Amino acid sequence: MTSRTTPPLAPLELFAVDRLIGEEERDIQATVRALVAERVRPHLAEWFEAGHVPVRELAPELGRLGLLGMHLQGYGCAGTSATAYGLACLELEAGDSGVRSLVSVQGSLAMFAIWRWGSEEQKQQWLPRMAAGEAIGCFGLTEPDFGSDPGGMRTRAVRDGDDWVLTGTKMWITNGSVSDVAVVWAQTDEGIRGFVVPTDTPGFSAPEIGRKLSLRASITSELVLDGVRLPADAVLPEVRGLKGPLSCLNEARFGIVFGAVGAARDCLEASIAYAQERDIFERPLAGYQLTQAKLADMTLELGKAMLLALHLGRLKDEDALRPEQISLGKLNNVREAIAIARECRTILGAAGITLEHPVMRHANNLESVLTYEGTSEVHQLIIGQALTGRPAFR
Ligand code: TGC
Ligand code: FAD
C-alpha cells in the first residue's frame, strides 16, 4: 500500500487554460475574483437565506470596477474585450448566479438595448449613470403567457397624439422593483418596439415575486404597465421587430456561457476541498477511487466547457460569433454545470444540503439559469434549425 501524495492541481489548472488568456484579461479576472471574495462571498449565505441582495449598495462597487456595460464602448463604459467580459461573468457567477445576473441584466440587456438601438439623447441620459451603478436598469420581455415565444407578447403601446401609452404585464423581471429605468418591449402598429420607461412614471409598478427556491440572491419582479404615458422620444428609434430584444439576449447569453463555468468551478473546488478533509472509513474521502472517478469526469466537463467559452469569446472578439454558436455554449455549459453541481452535492453528503457550502445554492440557482435566456429546449431547437434549416418551434 502506497501513501505517496503529489501536490494537487486546481481543475482548470490541469487544462492550462491560463495560457489561452492574455495578461490584461487575466488581471481583470483576478480583480473580479478578489471583489467576489471580499465583498460578495462572505454575505452570500445570508442574502440567499433572506431572499435579498443589496443591489443599490453593490451596483456602485461593480460600476467602479467597470463591470457594468463592460464590453460596450463610450458613455462611461469600460470597452473591454468580450472575452474579458466573459471572464468577469465567470468570476461573478463563481460567487452566485444572482450577482452575475445583476450585471448581465444591467449591462447586456438594459444598457445594451439603449447603446445599440437608442437615440443619442437616450444614451447620454442613461448610459453613464448606469455604467457607474448609480441608475439600475431592467429588461421586460417575458410575459406571464409568453416566455419562450416572446413574439406573442400582449403588452401594447398605442399612439395618443405624440405620446405613447403602454398597457400590459411583464413577468420574471430581474431587478424590476429596484430599477430606475425599464426597457420594455411592446406590440405596436409597426411591430414590436422597445421603450425606455423611467420607473417613476405614473401607471408603472413592479411587485416583487417571492417564495423562490432559486436565484434567491437576486430580485425578480412583475412589471405592471397600467396606461403608462410616455413622450414620443421614449421609443428606441433604431429597431423594429423581435430582432431588437433577441439581439440583446445574444449578449446576455454569451455572459452565461462563461458564468456557468464559474458556478461549476466553485462547486468542484468546494467538493475537492471537502473530500480532502473528510475522513470516511478512517481515511480521506478524496483518496477513494469512486470519488476520484467523479472528480475526473467533472473536471473533463468543466475544462471542455471552459475551452468552448474561450473559443466563443475569441469568435466574438473577431465579430464572427453567430447566435446559434451562443446556443451551443449556453446549452452545453449550463447543462454540464448543473450536472456538476448535483454530483458535487453527493460528495458532501448531508453537509451538502446546507448553506455552509456553496454547492446546493449553485445547483438551485442553475435551475433558473437553465430556464432563463432561452430554455435548454429552445437552444436545442435553435441548433436543430441551424443543422437542418427547418424551424421546429411551432
Ligand atoms: P424568429 O422568426 O426566428 O425571429 C424573429 C426575428 O428576429 C431575428 N432573430 C435574431 N436577431 C438577433 N439575434 C438573434 N439571436 C435572433 N434570432 C432571431 C430573426 O432574424 C427575425 O428577424 P426579422 O428581421 O426577419 O424579423 O422568431 P420566433 O418568434 O420564431 O422565435 C425564435 C426563438 C424561439 C428562438 C426566440 O424567440 C427565443 O429565443 N425565445 C427564448 C426567449 C428568451 O430567451 N427570453 C429571455 C428573456 S430575458 C431573460 O431571461 C433574462 S434572465 C436574467 C439574466 O440574463 O441574467
Ligand atoms: P415556457 O416558455 O412556458 O416553457 C415551459 C416549457 O416548455 C419549457 O421546458 C420550455 O423549454 C418548453 N418549450 C417551450 N417551447 C417549446 C417548443 N417549441 N417545443 C418543446 N418545448 C418547448 N425575462 C425577462 O424578460 N427579463 C428578465 O430579467 C428575466 N429574468 C428572469 C429571472 C429568473 C429568476 C427567471 C426564472 C426568469 C427570468 N426571465 C426574465 C424569464 C425567462 O426568460 C423565461 O422564464 C424563459 O424564457 C422561459 O419562459 P417560461 O418560464 O414562460 O417557460
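We count ligands from 1, going down the list as the structure has it; atoms in each ligand are counted the same way. Please read these numbers as outputs of a predicted model, since none were measured by experiment.
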Starting from atom 27 (O) of ligand 1, find the nearest protein heavy-atom neighbour and note its residue, name and distance. Leu242 CD2, 3.7 Å
Trp117 and Ser247: side chain to side chain donor-acceptor pair (under 3.5 Å), yes or no, with the steps? CA-CA 10 Å; Trp117 305 117; Ser247 67; 2.9 Å; yes
Let me check something: any side-chain donor-acceptor pairs from residues 304-314 under 3.5 Å, sequence neighbours excluded? List them with distances.
from	atom 1	to	atom 2	distance (Å)
Lys304	NZ	Glu301	OE2	3.0
Arg314	NH1	Glu25	OE1	3.4
Arg314	NH1	Glu25	OE2	3.2
Arg314	NH1	Thr83	OG1	3.3
Arg314	NH2	Leu20	O	2.8
Arg314	NH2	Glu25	OE1	3.0

I'd like to know if atom 45 (O) of ligand 2 has any protein heavy atom within a distance of less than 4.0 Å. yes
Which residue supplies the protein heavy atom nearest to atom 50 (P) of ligand 2, what is that atom called, and how far is it? Gly147 CA, 4.0 Å
When you look for heavy atoms under 4.0 Å from ligand 1, do you find them on the side chain of Ile326, its backbone, both, or neither? neither
May I ask whether atom 52 (S) of ligand 1 is less than 4.0 Å from at least one protein heavy atom? yes
Heavy-atom nearest neighbour in the protein, as seen from atom 24 (O) of ligand 1, with distance rounded to 0.1 Å: Lys243 CD, 4.2 Å
Output yes when a protein non-hydrogen atom is found under 4.0 Å of atom 9 (N) of ligand 1, and no otherwise. yes
Under-4.0 Å protein heavy-atom contact, atom 30 (O) of ligand 1: yes
I need the nearest protein heavy-atom contact for atom 40 (N) of ligand 1: residue, atom name and distance, please. Ser148 O, 2.9 Å
Counting non-hydrogen protein atoms only, what is the nearest one to atom 2 (O) of ligand 2? Give residue, atom name and distance. Ser148 OG, 2.7 Å
Considering only non-hydrogen protein atoms, determine which one is nearest to atom 23 (N) of ligand 2 and report residue, atom name and distance to 0.1 Å. Thr142 OG1, 2.7 Å
Any idea which part of Arg253 is under 4.0 Å from ligand 1, heavy-atom wise: side chain, backbone, both or neither? side chain
Candidate pair Lys212 and Glu367, rule salt bridge (Lys or Arg N to Asp or Glu O under 4.0 Å), full reasoning: CA-CA 11 Å; Lys212 288 184 298 173; Glu367 295 290 342; over 6 Å; no
Does ligand 1 come near enough to Gly374 that some N or O of the ligand is less than 3.5 Å from an N or O of the residue? yes
Give the residue and atom name of whichever protein heavy atom lies nearest to atom 35 (C) of ligand 2, and the separation in Å to one decimal. Tyr372 CD2, 3.8 Å
Among His43, Arg361, Arg41, find the one that has a side-chain hydrogen bond (donor to acceptor under 3.5 Å, both in side chains) with Asp96. Arg361
Where on Thr375 is there a heavy atom closer than 4.0 Å to ligand 1, on the side chain, on the backbone, on both, or on neither? neither
On the 0 to 90° scale, with breaks at 30° and 60°, tag the Tyr85-His71 ring pair as parallel, tilted or perpendicular. parallel
Just to be sure I'm reading this right: ignoring hydrogens, which of Val378, Val105, Asn250 gets closest to atom 14 (C) of ligand 1? Compare them by their nearest heavy atoms. Asn250
Does atom 27 (C) of ligand 2 have a protein non-hydrogen atom under 4.0 Å from it? yes
Closest by any non-hydrogen atom to atom 36 (C) of ligand 2: pick that one out of Ser221, Ser368, Ala392, Ser214. Ser368
Evaluate the 4.0 Å heavy atom contact test for atom 16 (C) of ligand 2: does a protein atom fall under the cut-off? no
Does some non-hydrogen atom of the protein lie less than 4.0 angstrom from atom 5 (C) of ligand 2? no
Mind checking whether Ile382 contacts ligand 1 via backbone (N, CA, C, O), side chain (CB onward), both or neither, at a 4.0 Å heavy-atom cut-off? side chain
Take atom 16 (C) of ligand 1 and look for protein heavy atoms under 4.0 Å from it; say yes if you find one, no if not. yes
Out of Leu141, Leu249, Val369, whose heavy atom sits nearest atom 48 (S) of ligand 1? Leu249
Should the proximity of Phe393 to ligand 2, defined as any heavy atom under 4.0 Å, be assigned to the side chain, the backbone, both, or neither? backbone
Considering both backbone and side-chain atoms of Asp149, is one of its nitrogen or oxygen atoms within less than 3.5 Å of a nitrogen or oxygen in ligand 1? no
What do you reckon, does Gly147 put a non-hydrogen atom under 4.0 Å from ligand 1? yes
Is any heavy atom of the protein nearer than 4.0 Å to atom 10 (C) of ligand 2? yes
Under a 4.0 angstrom heavy-atom cut-off, which atoms of ligand 2 come close to Leu215? 34 (C)
Is there a salt bridge (Lys or Arg N to Asp or Glu O under 4.0 Å) between Asp189 and Arg159? Walk through the geometry before answering. CA-CA 9 Å; Asp189 288 345; Arg159 283 281 198 181; over 6 Å; no
Students should be able to answer this: which protein heavy-atom is nearest to atom 51 (O) of ligand 2, and at what distance? Thr371 CG2, 4.3 Å
For atom 56 (O) of ligand 1, grab the closest protein heavy atom and report residue, atom and distance to one decimal in Å. Ser101 OG, 2.5 Å
Should Arg33 and Glu269 count as an ion pair when the cut-off is N to O under 4.0 Å? yes
Between Thr142 and ligand 1, does any nitrogen or oxygen pair lie at a separation below 3.5 Å? no
Check: of Leu102, Val103, Leu215, Leu246, min heavy-atom distance to atom 4 (O) of ligand 1 comes from Leu246
Could you tell me whether ligand 1 has any atom less than 4.0 Å away from a heavy atom of Ser104? yes
Does the residue Gly241 have a heavy-atom contact with ligand 1, meaning some pair of atoms that are separated by less than 4.0 Å? no
Please test Thr155 against Glu143 for side chain to side chain donor-acceptor pair (under 3.5 Å), starting from the C-alpha separation and ending with a verdict. CA-CA 8 Å; Thr155 297; Glu143 297 190 356; 2.6 Å; yes
For atom 29 (C) of ligand 2, what's the nearest protein heavy atom and its distance? Trp172 O, 2.6 Å
